[in-house]
Asker: 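The structure is given below, and queries will be raised subsequently.
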Number of protein chains: 2
Amino acid sequence: MTTRTRRSSRRSEALSRERIIEAAIELLDADGEAGLTFRVLTARLSTGPGAIYWHVANKGELLDAATESVVAAAVPLDPAGSARSPREEIRAVALGLFEAIDGHPWLATQLATQLSRSPWGSVTPRIFEGIGRQVRALGVPESGWFTSTSALVHYILGAAGQNAVNGRTAQPGVDRGEFLDAVSTAWEELDPDDYSFTRAVAGQLRDHDDREQFLAGIDLVLAGVTAIHPPDGQRR
Amino acid sequence: MTTRTRRSSRRSEALSRERIIEAAIELLDADGEAGLTFRVLTARLSTGPGAIYWHVANKGELLDAATESVVAAAVPLDPAGSARSPREEIRAVALGLFEAIDGHPWLATQLATQLSRSPWGSVTPRIFEGIGRQVRALGVPESGWFTSTSALVHYILGAAGQNAVNGRTAQPGVDRGEFLDAVSTAWEELDPDDYSFTRAVAGQLRDHDDREQFLAGIDLVLAGVTAIHPPDGQRR
DNA sequence: ACCTGAACACCGTTCAAGT
DNA sequence: ACCTGAACACCGTTCAAGT
């Protein structure tokens, strides 16, 4: 009984930066980066381009805002009942991001570019903080904070992007199973001399579970963190 | 005394897929992704768009080809005198990629998108193979091959992209030192309650050396690999 | 202060026509 | 087989004008 499907946005309701961002996210979710166009955006909001440019500087800023909005929702900075261990907390942050990218495939590319383009924005610090606090809580000595947190964040972004984009709708309409199967088969047909390893591992690619692998990778990096920076205090 | 600057390509020399890709890379290097346009490409090669479309299906394929070309040069599959240890070899592959992205900043985004868009291409297998062989040589048991190699590759792509794009010419004309300084300062001015960790680590961000950090991260992930998958045979 | 919508410069791509 | 170049559909953005 809520505002029924509103394809072209209930006439009035006043334009606002928030509504624009919201509509942009819907378009991105539906048709990827190519789906976000000022023409369809103005149609959806039933305005003209000028109205949007009043609230938003340009398309880049709109994409940044959409990214920040989604990341903020996926990675809460103040975890509610923090009865979880640092390790569990890190997995939670990572999974939050993983799932966000899974639900919004355009996020992967966006994160890759935006993170480096404008690290003054709120998204890099948010992710960094979410992971870093737990690295600190883990008892890693201060000298290892930056390296450890960076390694975790880089792994998470790389893996989440990779897996998730493969996942839901890299190209809308491709089934995950078929996709992995096709890649796996392609790997098996590589030159045996040049690609002995990749061929050997094609089967593991076909059978692997994204989420499981992703978390296994986190555990692996965490093992590296504690191996190289043995916790000084804390014992769990 | 070589072919002097050839701004608009010595008239003849016949068009070919290779020459097109070569020119595309030059444009990408000079002005980033926005610099590669069919108008300027045709001008540079002194032809019409139709000629290019004869050799290349579309812009996407051109970008993919440019990426493959650069990666192939940066990550040789058959390392010459392999007197190096697996660990050194992995660092070499990673540094190759790191440097490639440093010299061709557009590569970062391209790798992030292409790796997931078309893993049947030659670039994913190449990187995977380069790292994976050494994971195998390290004595990691077969059950750990896929997870370990994935973790390394994800870290490498994430970190290399991140660092390198920050590095040379994220936006042409921004000095690396000033850039890091600005970000570091921005981090120091974050809310002390919400961002205690990020603030604490701002100094380490300012002072860190890209390459050093990058390699430290690799060592960290490698430590995780050997911690979780203790080598069964091999002893170095 | 906020919105309209025609207009501008530019883009990737196509295709009939040439050689 | 390979190339030419005008034309098409579409894009982000601007801006004088309205309220």
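When reading the values below, keep in mind they use all heavy atoms of this one structure, side chains included, and skip hydrogens, waters and symmetry mates. So you know, we letter chains A, B, ... as the sequences are listed, proteins then strands, and number each from 1.
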Asker: Look at the side chain of B/Thr47 and decide which nucleotide, out of D/dC3, D/dA7, C/dA7, has an atom nearest to it.
Answerer: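 Between D/dC3, D/dA7, C/dA7, the one nearest the side chain of B/Thr47 would be D/dC3.
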
Asker: Reading DNA chain D from 5' onward, which residue's closest nucleotide shows up sooner: A/Ala57 or A/Val40?
Answerer: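 Its nearest nucleotide lies further toward 5', so the answer is A/Val40.
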
Asker: Using atom CZ of B/Phe38 as one end and atom P of D/dC10 as the other, report the distance to the nearest whole Å.
Answerer: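 So the CZ-P distance, B/Phe38 to D/dC10, works out to 18 Å.
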
Asker: Which nucleotide wins on minimum distance to the side chain of A/Leu15, given the candidates C/dC3, D/dA6, D/dG12?
Answerer: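 So the nucleotide nearest the side chain must be C/dC3.
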
Asker: How many whole angstroms separate atom OH of A/Tyr53 from atom P of C/dG5?
Answerer: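 After rounding, the reported distance stands at 17 Å.
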
Asker: Identify which nucleotide among C/dC3, D/dT13, C/dT13 has an atom closest to any side-chain atom of B/Lys59, counting heavy atoms from C-beta outward.
Answerer: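 Side chain of B/Lys59 sits closest to C/dT13.
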
Asker: Just the rounded figure in Å: distance from C1' of C/dC10 to CG of A/Asn58.
Answerer: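 Taking atom C1' of C/dC10 as the reference, CG of A/Asn58 is at 16 Å.
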
Asker: Taking the six-membered ring for Trp, are B/Tyr155 and A/Tyr155 ring centroids under 6.0 Å apart?
Answerer: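 No, too far apart.
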
Asker: Using the rule side chain to side chain contact (heavy atoms under 4.5 Å, CB included), only one of A/His208, A/Gln213, A/Glu212 pairs with A/Asp210; which is it?
Answerer: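 That would be A/His208.
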
Asker: May I have the distance from A/Ile20 (atom CD1) to C/dC2 (atom C1'), rounded to whole angstrom?
Answerer: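 That distance rounds to 11 Å.
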
Asker: Considering every strand and a 4.0 Å limit on heavy-atom distances, what is the contact class for B/Leu41: base, sugar-phosphate, or nothing?
Answerer: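 Since no nucleic acid heavy atom lies under 4.0 Å of B/Leu41, the category is nothing.
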
Asker: Aromatic rings A/Phe128 and A/Phe146: how do their planes relate, parallel, tilted or perpendicular, breaks at 30° and 60°?
Answerer: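 Answer is tilted, since the angle falls between 30° and 60°.
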
Asker: To the nearest Å, give me how far apart CG (B/Leu62) and P (C/dT13) are.
Answerer: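 Value for this atom pair: 10 Å.
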
Asker: Would you mind reading off the distance between B/Glu18 atom CD and D/dC2 atom P, rounded to a whole angstrom?
Answerer: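 Taking atom P of D/dC2 as the reference, CD of B/Glu18 is at 12 Å.
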
Asker: Round to a whole Å and report the spacing from CD1 of B/Ile52 to C1' of C/dC11.
Answerer: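 One finds 14 Å between C1' of C/dC11 and CD1 of B/Ile52, rounded.
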
Asker: Specify the separation, in whole Å, of atom CZ of A/Arg39 and atom C1' of D/dT13.
Answerer: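 Interatomic distance, CZ of A/Arg39 to C1' of D/dT13: 9 Å.
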
Asker: Going by purine N1 to pyrimidine N3 plus the second Watson-Crick contact, or the G-U wobble pair, all under 3.5 Å, which nucleotide sits opposite D/dG12?
Answerer: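 Paired with D/dG12, as far as the under-3.5 Å criterion goes, is C/dC8.
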
Asker: Choosing from D/dA1, C/dT13, C/dG5, which nucleotide comes nearest the side chain of B/Trp54?
Answerer: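 Nucleotide nearest to B/Trp54's side chain: D/dA1.
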
Asker: Does a nitrogen or oxygen in the side chain of A/His55 sit under 4.0 Å from OP1 or OP2 of C/dC3?
Answerer: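 Checking C/dC3 against A/His55, a side-chain N or O does come within under 4.0 Å of OP1 or OP2.
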
Asker: Under a 3.5 Å cut-off for both contacts, is D/dG18 paired Watson-Crick or G-U wobble with anything, and if yes, with which nucleotide?
Answerer: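 Check on D/dG18: paired to C/dC2, both distances under 3.5 Å.
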
Asker: With the side chain of A/Ala51 defined as its heavy atoms from C-beta on, choose the nearest nucleotide among C/dC3, C/dT14, C/dG12.
Answerer: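 Of all the options, the side chain of A/Ala51 is nearest to C/dC3.
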
Asker: Can you sort out the partners of A/His104 under ring pair (Phe, Tyr, Trp, His ring centres under 6.0 Å), two or more places apart, ordered by chain and number?
Answerer: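 Partners of A/His104 under the ring pair (Phe, Tyr, Trp, His ring centres under 6.0 Å) test: A/Trp106.
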
Asker: So, the side chain of A/Glu129 versus the backbone of B/Ser196: is there a donor-acceptor pair under 3.5 Å, distance only?
Answerer: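 Answer holds: yes.
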
